[in-house]
Amino acid sequence: RPFLRTSEFWWQEGHTVHALPEEAQEETLLMLDVYREFCSNVLSIPVFSGQKSDKEKFAGARATYSVEAMMQDGKALQAGTTHNFGTNFSEPFEIRYLDKDGTLKYCHETSWGMSTRLIGAVIMTHGDERGLKLPPLIAPFQAVMLPIAAHKGGVMEKCEEAFTSLKAAGI
């Protein structure tokens, strides 16, 4: 839980501007799908994705979408968001472009991001009181050593030797 809201010290974030509202909406949904695919297929976290309610959307957004990661305790954790701002920021801040017809027009903006809260999501999804098992795309090499006869002389030394060899090999 320390990686959740109060410790978001790193953000992967993007902003785009578009001439047409349809282009902005397409980009917003594309990034939602990128985040959904990343959480599902790379981090092996079960997620739901979709549009937030008007009450939950980002202030100033025309529409906000999120990827909600499902934790072992049945609670959802917002793992990433995408926003279609339309012209809600370009109009008050006079962000315009010169269209091919020679007129100044307001651009349609998007924003999207994920944070280090995903580290917390990975730990909460794949860990428990017995440890942490990371998905193969995060940790392709995993090793567990169980010394069966740890009380016998030389067993723990051989385990340490094997561990050192694995570590030297980058495993």
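At most 12 heavy atoms of other shown residues, nucleotides or ligands fall within 6.0 angstrom of atom CZ in F48. Residue E13 places its CD atom among more than 12 non-hydrogen atoms of other residues, nucleotides or ligands, all under 6.0 Å distant.
L104 shares a hydrophobic cluster with L98; the chain of contacts runs through ILVMFWY side chains whose heavy atoms sit under 4.5 Å apart.
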Derivation of the side-chain contact (heavy atoms from CB on, under 4.5 Å) call for T64 and Q51:
CA-CA 6 Å; T64 291; Q51 188 170 355; over 6 Å; no
T28 vs T82, side-chain hydrogen bond (donor to acceptor under 3.5 Å, both in side chains): CA-CA, chis, key distance, verdict
CA-CA 6 Å; T28 303; T82 64; 5.6 Å; no
Using side-chain contact (heavy atoms from CB on, under 4.5 Å), reason through M114 and C39 one step at a time and then give a plain yes or no.
CA-CA 11 Å; M114 290 181 140; C39 286; 3.6 Å; yes
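Atom CD1 of I123 sits about 12.5 Å away from atom CG of D128, to the nearest 0.5 Å. From L32, atom CG reaches atom NE2 of H83 across 11.0 Å, with rounding to the nearest 0.5 Å. Here the straight-line distance linking atom CD of Q72 with atom OG1 of T125 works out to 7.0 Å at 0.5 Å rounding. To the nearest 0.5 Å, atoms OG (S111) and CG (N84) are separated by 10.5 Å.
Across V155 and A149, no two heavy atoms sit closer than the pair CG2-O, 3.2 Å. Closest of all the heavy-atom pairs between C107 and V17 is SG-CG1, 3.8 Å. A pairwise comparison of heavy atoms in A24 and H18 identifies CA-CD2, 3.6 Å as the closest pair. Heavy-atom minimum distance, R62 versus G86: NH1-CA, 3.7 Å. Contact between M70 and I45 at its shortest, heavy atoms only, is N-CG2, 4.4 Å. For N88 against G60, the heavy-atom pair with the smallest separation is ND2-O, 2.9 Å.
A donor-acceptor pair under 3.5 Å is absent between the side-chain atoms of Q12 and the main chain of G113, judged by distance alone. Side-chain N or O atoms of E26 include none that pairs as donor or acceptor with a backbone N or O of E23 at under 3.5 Å. At distances below 3.5 Å, at least one donor-acceptor pair connects side-chain atoms of E109 with backbone N or O atoms of S90. Looking only at distances, no side-chain donor or acceptor of R36 sits under 3.5 Å from a matching main-chain atom of V47.
Residues D54 and K57 form a side-chain contact, since some pair of their non-hydrogen atoms from C-beta on lies under 4.5 Å apart. Using a 4.5 Å heavy-atom cutoff, the side chains of L137 and S44 are not in contact. Contact check for L118 versus F38: side-chain heavy atoms found under the 4.5 Å cut-off. The shortest distance between side-chain heavy atoms of Y106 and E94 falls below 4.5 Å. Residues R117 and Q78 have side chains in contact (heavy-atom distance under 4.5 Å, counting atoms from C-beta outward).
Put simply, V67 and F58 are part of two different groups of oily side chains (I, L, V, M, F, W, Y) that touch within less than 4.5 Å, one to the next. Put simply, L30 and L20 are part of two different groups of oily side chains (I, L, V, M, F, W, Y) that touch within less than 4.5 Å, one to the next. Note: the hydrophobic cluster containing M156 does not contain F163 (ILVMFWY, side chain heavy atoms under 4.5 Å, direct or indirect links).
Taking the charged nitrogens against the carboxylate oxygens, E68 and K52 do have a contact shorter than 4.0 Å, which makes a salt bridge.
Legend: residues meeting side-chain hydrogen bond (donor to acceptor under 3.5 Å, both in side chains) with E161, ordered by chain and number and at least two apart, are absent. For the ring pair (Phe, Tyr, Trp, His ring centres under 6.0 Å) test, residues two or more places apart in sequence or in another chain that qualify with F89 are F85.
Between Y35 and W112, the two ring planes are perpendicular [angle over 60°; tilted spans 30° to 60°].
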